[in-house]
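Here the structure is laid out as structure tokens; the discussion comes afterwards.
Treat the numbers as computed from the prediction; the structure is a model and nothing was measured.
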Amino acid sequence: MDATFWATVGLVLFFALIIYIKVPSKIGASLDDRADAIRKELDEARKMRDEAQALLSEYQRKRHEAEGEAEAIIAEANSEAERLTLETNQALEEMIARRTRAAEDKIAQAETQAIAEVRAKAADIAVAAAEEILTAKVKDKVADDILSKSIAQVKDRLN
């Protein structure tokens with residue numbers, strides 16, 4: 001009985017004790033529990049991945065919809081801007097035409113007024129000249145009658 005024998009006996013007793021305490025079944029059960037936990041985690045991870053994939057698909061769909069809406073809004077804004085530009089240009093052209101007509105009317109009115117003033121001034125000068133000539137050459141009642149008739153004729157013709 002040497003040390004090797006006692007080491008072998010101790011080893012056999014150790015294995016017997018381990019089997020008696022059911023360590024291998026506990027280790028197996030522990031490994032089975034761990035495998036079940038890992039399987040549950042994998043299943044949960046798959047579910048989460050599927051949910052994430054569905055969520056990603058939904059957000060991509062929403063993004064595409066939003067991009068479509070944004071393009072539609074931009075197109076509508078561009079058409080609205082073009083329409084407003086056309087309306088503004090038309091309004092500007094109409095305003096320019098109105099102001100041009102108003103300026104032309106004012107010019108015509110000023111021209112008519114200037115002609116009337118020139119005629120009135122000419123008539124006044126003609127009347128004054130006629131009065132001077134008649135007073136110098138014609139005297140008395142005949143002069144007064146001729147003068148009043150002449151003034152009346154000049155006024156009738158000029159007006």
Side-chain angles (χ1 to χ4, degrees), residues 18 21-159:
I18 289 177
I21 300 177
K22 298 182 183 178
V23 170
S25 64
K26 289 182 181 179
I27 291 173
S30 173
L31 289 175
D32 287 343
D33 290 343
R34 179 75 176 142
D36 288 341
I38 290 172
R39 193 173 301 112
K40 286 179 183 178
E41 286 179 10
L42 286 173
D43 289 341
E44 188 176 323
R46 262 190 224 105
K47 286 179 185 177
M48 289 175 72
R49 188 190 77 210
D50 292 342
E51 289 175 4
Q53 189 67 31
L55 193 59
L56 176 66
S57 298
E58 181 180 345
Y59 281 127
Q60 285 176 342
R61 181 186 55 81
K62 286 182 180 181
R63 188 193 79 211
H64 288 298
E65 288 176 2
E67 286 174 354
E69 288 177 15
E71 289 174 1
I73 289 170
I74 289 171
E76 184 178 334
N78 285 337
S79 66
E80 183 71 15
E82 289 176 15
R83 185 184 63 79
L84 287 175
T85 301
L86 290 175
E87 288 178 4
T88 303
N89 286 340
Q90 282 181 333
L92 181 62
E93 289 174 3
E94 290 173 1
M95 183 184 72
I96 290 171
R98 279 194 313 270
R99 290 203 175 175
T100 302
R101 281 192 303 271
E104 288 172 352
D105 290 345
K106 283 184 180 180
I107 291 171
Q109 200 174 32
E111 187 179 318
T112 305
Q113 186 178 358
I115 290 172
E117 287 177 4
V118 168
R119 284 187 180 169
K121 189 68 170 173
D124 288 343
I125 292 172
V127 169
E131 185 179 350
E132 282 184 30
I133 293 172
L134 289 177
T135 54
K137 297 206 175 185
V138 179
K139 305 265 184 205
D140 296 329
K141 181 154 175 56
V142 174
D144 291 337
D145 288 339
I146 292 174
L147 180 62
S148 62
K149 284 180 186 177
S150 297
I151 292 172
Q153 284 177 354
V154 169
K155 284 183 182 178
D156 288 341
R157 288 184 185 164
L158 290 178
N159 292 333

When you look at Glu104 and Ile107, which way does the side chain to side chain contact (heavy atoms under 4.5 Å, CB included) test go after all the steps? CA-CA 5 Å; Glu104 288 172 352; Ile107 291 171; 5.5 Å; no
If you measure from CD1 on Ile27 to NZ on Lys22, what distance do you get to the nearest 0.5 Å? 14.5 Å
How long is the span from the CG atom in Asn78 to the OG1 atom in Thr85, to the nearest 0.5 Å? 10.0 Å
Return the CG to CZ distance between Asp50 and Arg46, rounded to the nearest 0.5 Å. 9.0 Å
Got a salt bridge between Asp43 and Lys40, using NZ or NE/NH1/NH2 to carboxylate O under 4.0 Å? no
Reported CD-to-CD distance for the pair Glu51 and Glu58, which is rounded to 0.5 angstrom: 12.0 Å
Not counting sequence neighbours, list each pair that qualifies as a salt bridge (charged side-chain N to carboxylate O under 4.0 Å, His left out) and has a residue in residues 67-79. Arg63-Glu67
Any sub-3.5 Å donor-acceptor pair from Ser30's side-chain atoms to Lys26's backbone N or O? no
With a sphere of 6.0 Å drawn around CE of Met95, does it hold more than 12 non-hydrogen atoms of other residues, nucleotides or ligands? yes
Between Lys121 and Glu117, is the closest basic N to carboxylate O distance under 4.0 Å? no
Take a 6.0 Å sphere around CD of Gln109 and say whether it holds more than 12 heavy atoms from other residues, nucleotides or ligands. no
Heavy-atom side-chain contact between Leu56 and Gln60 under 4.5 Å: yes
Arg61 and His64, any side-chain heavy atoms less than 4.5 Å apart: no
Rounded to the nearest 0.5 Å, what separates atom CG in Asp105 from atom OG1 in Thr100? 10.5 Å
Tell me if the CZ atom of Arg83 is crowded by more than 12 foreign heavy atoms within 6.0 Å. yes
Calculate, to the nearest 0.5 Å, the distance between atoms CZ and CG belonging to Arg39 and Asp32 respectively. 8.5 Å
Between Glu44 and Lys47, is the closest basic N to carboxylate O distance under 4.0 Å? no
